[in-house]
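Indexing begins at 1, ligand by ligand and atom by atom, following the structure's order. For the single chain, residues carry numbers from 1 onward in sequence order.
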Amino acid sequence: MVEWQGFTERSESSMPSITENLARVEERIGAACQRVGRRREEVKLVAISKTFPAERIREAYEAGLRDFGENRVQEAESKRPALSDLAITWHLVGHLQSNKAKLARELFQWIHSIDSEKIAQKLDHAAAASGEKLPVLLEVNLGEEPSKFGAGGEDVVQLGERVSRLETLELRGLMIVPPFFEDPESARPFFRRLRELARSISDAKLPNVSMHHLSMGMTHDFEIAIEEGATIVRVGTGIFGERK
Ligand SMILES: *Cc1c(COP(=O)(O)O)cnc(C)c1O
C-alpha cells in the first residue's frame, strides 16, 4: 500500500482493473475448455456492457475484447457515438420490441434474442439495401418463468422453421438465460437441453440454417455452459464488476 497516494487513487487501485478481471475470466474459460477437451478458440467471449459507460467499454477494448453485448437498444444507441472509432462487433442479448427493430438492425451485428416470429419478421423488413444478412439466435425459455422472454422448448423448432424462411436473416443457433441457481451445477440440465434442441432444428435440414452456436453461460455459470458445449459466453460482472 502506497500511503502518499490520494484517496481517489487509492480506492481505485484497490478495485481490480478490467485487465485483471479479464485475466481471471480467461483462466476460468481455459480451465473449463481443458476439462472437456475443447479448444479456447471454440468459445467466443462477449462482454456484456449494460449499465457501464462508454469509457469502460473503451477500456475493455484496450484490454483486448472485441465483442460487446447490450440488452437495451436505446442504451446501446446512446453509447455508440463515443465508440465509433473502435472495431467492435455488437450483440443484442435482451428482448427486442418491434418498434425498435429498425434501430436494432442498424446498431447490432448479432441478435441473440429472437423470441417470436413477429420480431423476426420486423428485423427482416428492416434490412438495409446492402443485402447484408443478419446472424440471429433464437432465445429459448425452458424454465417456464413467465417473467422471462423466449420461446418454449416445444415451440422453438417451429420458430426455427419460420425464421429460416426470412431471406435477410441467418439462423445460427440458440440462446438461453436459465433460472438463477445458487449452485451453478443446477443450470447444467438447461444447457444440455439447449444443445439437444439445437440438434433437433439442425436435423430438420432447413435451407440457409446453421445451428452451430449455443449462446449460454454468464459470470456465475459459464464454466458449466462451456462443459456443455457453449460457443458463446456472455460475461458482464466478471469483466466490468458489479452493476449498481
Ligand atoms: C446481464 C446479462 C448477462 C451478463 O450477466 P453477468 O451475470 O453480469 O455476467 C448475460 N446475458 C444476458 C442476456 C444479460 O442480460
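Between K79 and E75 there is a salt bridge, since at least one side-chain N of the basic residue sits less than 4.0 Å from a carboxylate O of the acidic one. Under a 4.0 Å N-O distance rule, the pair R195/E228 qualifies as a salt bridge. A salt bridge is absent between R162 and D155: the closest approach of a Lys/Arg side-chain nitrogen to an acidic carboxylate oxygen does not fall below 4.0 angstrom. A salt bridge links R56 to E59: one of the charged nitrogens lies within less than 4.0 Å of a carboxylate oxygen.
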- [ ] Starting from the C-alpha separation in whole Å, work towards a yes-or-no answer on ring-ring contact (aromatic ring centres under 6.0 Å, His included) for F68 and F52.
- [x] CA-CA 12 Å; F68 290 85; F52 292 98; over 10 Å; no

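For the pair H112 and ligand 1, no heavy-atom separation below 4.0 Å is found.
Of all atoms in ligand 1, listed by their number and element, those nearer than 4.0 Å to a heavy atom of V235 are 9 (O). Here is the list of ligand 1 atoms found below 4.0 Å of a heavy atom in G236: 4 (C), 6 (P), 8 (O), 9 (O). Of all atoms in ligand 1, listed by their number and element, those nearer than 4.0 Å to a heavy atom of T237 are 6 (P), 7 (O), 8 (O), 9 (O). Proximity to K50 (heavy-atom distance under 4.0 Å) selects the following atoms of ligand 1: 1 (C), 2 (C), 3 (C), 14 (C), 15 (O). Of all atoms in ligand 1, numbered sequentially from 1 with element shown, those under 4.0 Å from a heavy atom of R234 are 4 (C), 9 (O), 10 (C), 11 (N), 12 (C), 13 (C). Residue contact check: V93 has heavy atoms under 4.0 Å from atoms 12 (C), 13 (C) of ligand 1.
For E26, the CD atom counts as densely surrounded, since its 6.0 Å shell holds more than 12 non-hydrogen atoms of other residues, nucleotides or ligands.
Counting heavy atoms under 4.0 Å from ligand 1, residue H220 does not touch it at all.
Remark: among candidates T219, V177, I176, the nearest residue to atom 9 (O) of ligand 1 is T219, based on non-hydrogen atoms. Among M218, E242, R72, the residue whose heavy atom lies closest to atom 5 (O) of ligand 1 is M218.
Considering backbone and side-chain atoms alike, N71 places every N or O at 3.5 Å or more from each N or O of ligand 1.
Among V73, L123, I114, N71, the single residue meeting the side-chain contact (heavy atoms from CB on, under 4.5 Å) criterion with L92 is V73.
Taking CG of L214 as the start and CZ of R199 as the end, the distance is 9.5 Å to the nearest 0.5 Å.
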